[in-house]
Protein chains: 2
Amino acid sequence: MANINDIARRAGVSVSTVSRVLNHHPYVSQLKKAAVQRVIDELDYVPNRSAVDLIRKETRSFGVIMPYNNNQAFDQLLHGILNRSVERDYTVMVLPTKYNTEKELSYLNKLKNKQLDGIIITSRANSWDAIIPFTKYGAIVACEYTEHPEIGCAYMDRYGSYLETFQILKDKGHSHVAFTTARGEESNSTQLTIKAYQQIFGNFPPEYHIKDCYSIADGVRAAQQLLQSELNPTAIYANGDEVATGIYKYARSIGIGVPEDLAIIGQENQPVGIGLELSTVDHQLVKVGELAFDLTIEKSKEKVEIPYRIILRQSI
Amino acid sequence: MANINDIARRAGVSVSTVSRVLNHHPYVSQLKKAAVQRVIDELDYVPNRSAVDLIRKETRSFGVIMPYNNNQAFDQLLHGILNRSVERDYTVMVLPTKYNTEKELSYLNKLKNKQLDGIIITSRANSWDAIIPFTKYGAIVACEYTEHPEIGCAYMDRYGSYLETFQILKDKGHSHVAFTTARGEESNSTQLTIKAYQQIFGNFPPEYHIKDCYSIADGVRAAQQLLQSELNPTAIYANGDEVATGIYKYARSIGIGVPEDLAIIGQENQPVGIGLELSTVDHQLVKVGELAFDLTIEKSKEKVEIPYRIILRQSI
DNA sequence: TTGAAAGCGCTAACAG
DNA sequence: CTGTTAGCGCTTTCAA
């Protein structure tokens with residue numbers, strides 16, 4: 001592979017001149033510029049990216065911390081991020097953690113070792129206190145709200161949407177309302193769900209909260225636990241449309257009508273919810289992702305809230 | 001930020017010794033090793049990745065060319081790739097093309113400029129002839145079959161699965177069978193679909209082939225075109241479960257029974273298909289992704305076929 | 001407008 | 001076992 005010296009030699013100029021034409025600097029004579037360009041084309045030369053990054057001290061690439069991909073919510077966020085990255089000619093690295101704190105820290109280290117200019121956190125395993133020291137090495141923006149002034153935030157109004165959803169349920173006459181979440185109280189969304197729930201309905205029996213829900217199968221399991229007990233919830237707020245689907249299918253399989261006997265509402269407006277006419281709250285995650293990227297590239301520490309939309313269909 | 005010279009100086013050793021402990025080389029006295037490690041910890045030092053990549057001439061990172069993410073098929077492939085990349089401590093860059101040939105070539109260039117050690121192509125816009133020259137600079141593996149000996153392939157047996165699916169439809173007595181595809185004949189999958197179709201049913205009116213189908217909405221559009229004409233297909237093979245869902249919903253909305261009046265079968269075993277009990281052919285794309293990664297890391301040019309599974313549910 | 005030269009931060013002969 | 005030194009391939013003063 002040819003390098004900049006080869007180009008310089010064959011074009012009969014110095015490496016600085018080659019560098020200048022490479023970077024479109026002014027003050028290069030047309031003559032030399034043409035000569036250099038000819039050799040570049042001839043040798044099909046492109047500058048070594050590591051060398052450029054090393055001296056420029058930036059890589060024009062961002063990392064995206066997510067527990068895993070192939071999940072509607074995270075893929076929507078990633079999609080938004082990719083939209084913008086293409087426009088701005090940045091490159092994005094996917095950093096899957098499975099909520100492993102060590103792994104997550106090792107990814108944050110890529111800021112320190114100058115492999116990444118910035119990191120977008122879609123969901124995290126570590127505490128902010130563990131994360132914030134890394135802001136010294138590059139922009140860190142989160143897809144959730146946090147007070148910390150070091151962290152830019154592009155977030156959906158989770159608390160507001162939960163409040164409104166529970167209120168709708170209450171207004172429809174439901175008082176026995178159960179809900180599902182992905183993780184336990186270590187998760188921000190779970191905390192907000194519980195807080196909003198209590199705000200509207202007051203305390204609840206712990207059996208009304210089903211954790212570890214990610215997939216259709218988890219929804220089935222949740223429904224089994226909820227519907228076979230004497231808890232008799234009349235409504236369930238699922239943490240995603242796939243989970244809602246599992247609940248719906250199980251309910252129907254044992255002859256429970258939706259929404260007559262059981263109201264179901266999911267989240268994120270996924271295809272499966274559209275297919276089954278499930279009501280849902282759309283947190284517009286693609287937009288959140290796009291904004292998160294914008295904040296990162298601007299090294300902004302702003303807190304920007306994206307509005308949610310509640311979509312009422314047949315299941316409530 | 002401290003660099004290797006700072007560490008060497010403060011530890012009272014040479015940079016080579018620091019480099020040795022960094023890279024776990026043998027033949028470093030316990031004493032010096034400890035001294036170096038102490039300073040490293042003290043200064044919270046990590047080696048600059050660009051410098052290391054520059055001299056090592058490798059980055060331990062792969063790129064994944066895909067038209068876009070947030071699509072069940074590509075996200076499954078990516079998921080498989082990420083699974084393995086975490087295990088092997090590689091990093092992956094997502095390279096979304098929207099099937100733009102220029103963009104795709106610019107990504108392939110990242111092999112040449114040493115930004116990437118290898119690239120996995122999940123779907124492509126360029127011809128192989130345009131792509132193959134880049135194999136000189138790094139491993140390129142595809143998630144589709146190609147004869148070219150320079151390209152490793154981890155692929156699903158598309159042709160076989162299409163053949164079997166059409167045969168099943170034929171065996172069930174269908175002779176008026178329509179189908180949808182994402183792209184036109186520039187796409188490998190589309191070509192194989194048509195070839196398999198003709199193999200089983202012979203030629204077909206061009207109206208039986210609906211293109212540009214990606215989403216539920218596209219499925220609705222396809223169904224409108226197909227069901228309102230006098231073509232009267234009795235079965236439709238959709239190129240994905242979301243498209244199948246759109247077809248299903250539209251059919252139901254105009255009083256057409258599934259499967260009595262219309263058989264529908266989709267692809268990729270997506271959640272929405274599970275929810276609606278749609279039959280599907282699962283190409284096991286997560287496995288394909290995992291294998292593609294393995295081939296890339298081994299710089300293998302093997303052709304490995306992953307078996308498909310036809311999942312019969314209620315729609316056929 | 002141009003080139004020489006000094007790095008960027010690291011690895012790996014090579015010599016001791 | 002350890003240090004010296006020569007790069008890796010590029011950008012950017014600085015002086016001309």
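In what follows, chains carry the letters A, B, and so on, assigned in the order in which the sequence lines appear, proteins first and then strands, with residues in each chain numbered from 1.
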Review point. Is the side chain of A:Q284 donor-acceptor paired with the backbone N or O of A:M156 at a distance under 3.5 Å, no angle test?
Key: no
Check your understanding: Is the side chain of B:E186 donor-acceptor paired with the backbone N or O of B:G184 at a distance under 3.5 Å, no angle test?
Key -> yes
Can you check the [X] [atom1] to [N] [atom2] distance for me, whole Å?
{"X": "B:Q30", "N": "D:dC1", "atom1": "CD", "atom2": "P", "result": "9 Å"}
{"X": "A:Y27", "N": "D:dT12", "atom1": "OH", "atom2": "P", "result": "16 Å"}
{"X": "B:K114", "N": "D:dC10", "atom1": "NZ", "atom2": "P", "result": "12 Å"}
{"X": "B:D53", "N": "D:dG9", "atom1": "CG", "atom2": "P", "result": "13 Å"}
{"X": "B:N48", "N": "D:dC8", "atom1": "CG", "atom2": "P", "result": "18 Å"}
{"X": "A:R56", "N": "D:dT12", "atom1": "CZ", "atom2": "C1'", "result": "11 Å"}

Review point. Quick one: side chain to side chain donor-acceptor pair (under 3.5 Å) pairs with a partner in residues 33-46 of chain B, sequence neighbours left out?
Key: A:K112-B:D44, B:R10-B:E42, B:Q37-B:D41
Practice item. Find the bend of the helix from C:dT1-D:dA16 to C:dG16-D:dC1 as the angle between its two terminal axes (five pairs each), to the nearest 10°. Key: 40°
Check your understanding: Do any pairs count as a ring-ring contact (aromatic ring centres under 6.0 Å, His included) and have a residue in residues 8-42 of chain B, sequence neighbours left out, and if so which ones?
Key -> none
Quick one: list whatever passes side chain to side chain donor-acceptor pair (under 3.5 Å) with [X], sequence neighbours left out.
{"X": "A:T122", "answer": "none"}
{"X": "A:E104", "answer": "A:N126"}
{"X": "A:E58", "answer": "none"}
{"X": "B:D75", "answer": "none"}

Check your understanding: What residues, two or more places apart in sequence or in another chain, satisfy salt bridge (charged side-chain N to carboxylate O under 4.0 Å, His left out) together with B:D117?
Key -> none
Check your understanding: Hey, is A:E144 close enough to A:R124 for a salt bridge, meaning N to O under 4.0 Å?
Key -> yes
Check your understanding: Is the shortest side-chain N to carboxylate O distance from B:D53 to B:K114 below 4.0 Å?
Key -> no
Review point. On DNA chain C, which is the earliest and which the latest nucleotide, 5' to 3', with an atom closer than 4.0 Å to a heavy atom of chain A?
Key: C:dT1 to C:dG9
Restricting both atoms to N or O, compile the protein contacts to nucleotides 3-6 of chain D shorter than 3.5 Å, with distance only.
residue: D:dG3; atom: OP1; partner: B:K32; partner atom: NZ; Å: 3.2
residue: D:dG3; atom: OP2; partner: B:S14; partner atom: N; Å: 3.1
residue: D:dG3; atom: OP2; partner: B:S14; partner atom: OG; Å: 3.3
residue: D:dG3; atom: OP2; partner: B:T17; partner atom: OG1; Å: 2.8
residue: D:dG3; atom: N7; partner: B:S16; partner atom: OG; Å: 3.3
residue: D:dG3; atom: N7; partner: B:R20; partner atom: NH1; Å: 3.4
residue: D:dG3; atom: O6; partner: B:R20; partner atom: NH2; Å: 2.5
residue: D:dT4; atom: O4; partner: B:S16; partner atom: OG; Å: 2.8

Practice item. Within residues 1-8 of chain B, find the residues that approach DNA chain C with a heavy atom at under 4.0 Å, and present them sorted by residue number. Key: B:N3, B:I4
Practice item. Using the test ring pair (Phe, Tyr, Trp, His ring centres under 6.0 Å), find all partners of B:Y145 that sit at least two apart in sequence or belong to another chain. Key: B:Y155
Review point. Angle class for the B:W128/B:H148 ring planes (parallel below 30°, perpendicular above 60°, tilted otherwise)?
Key: tilted
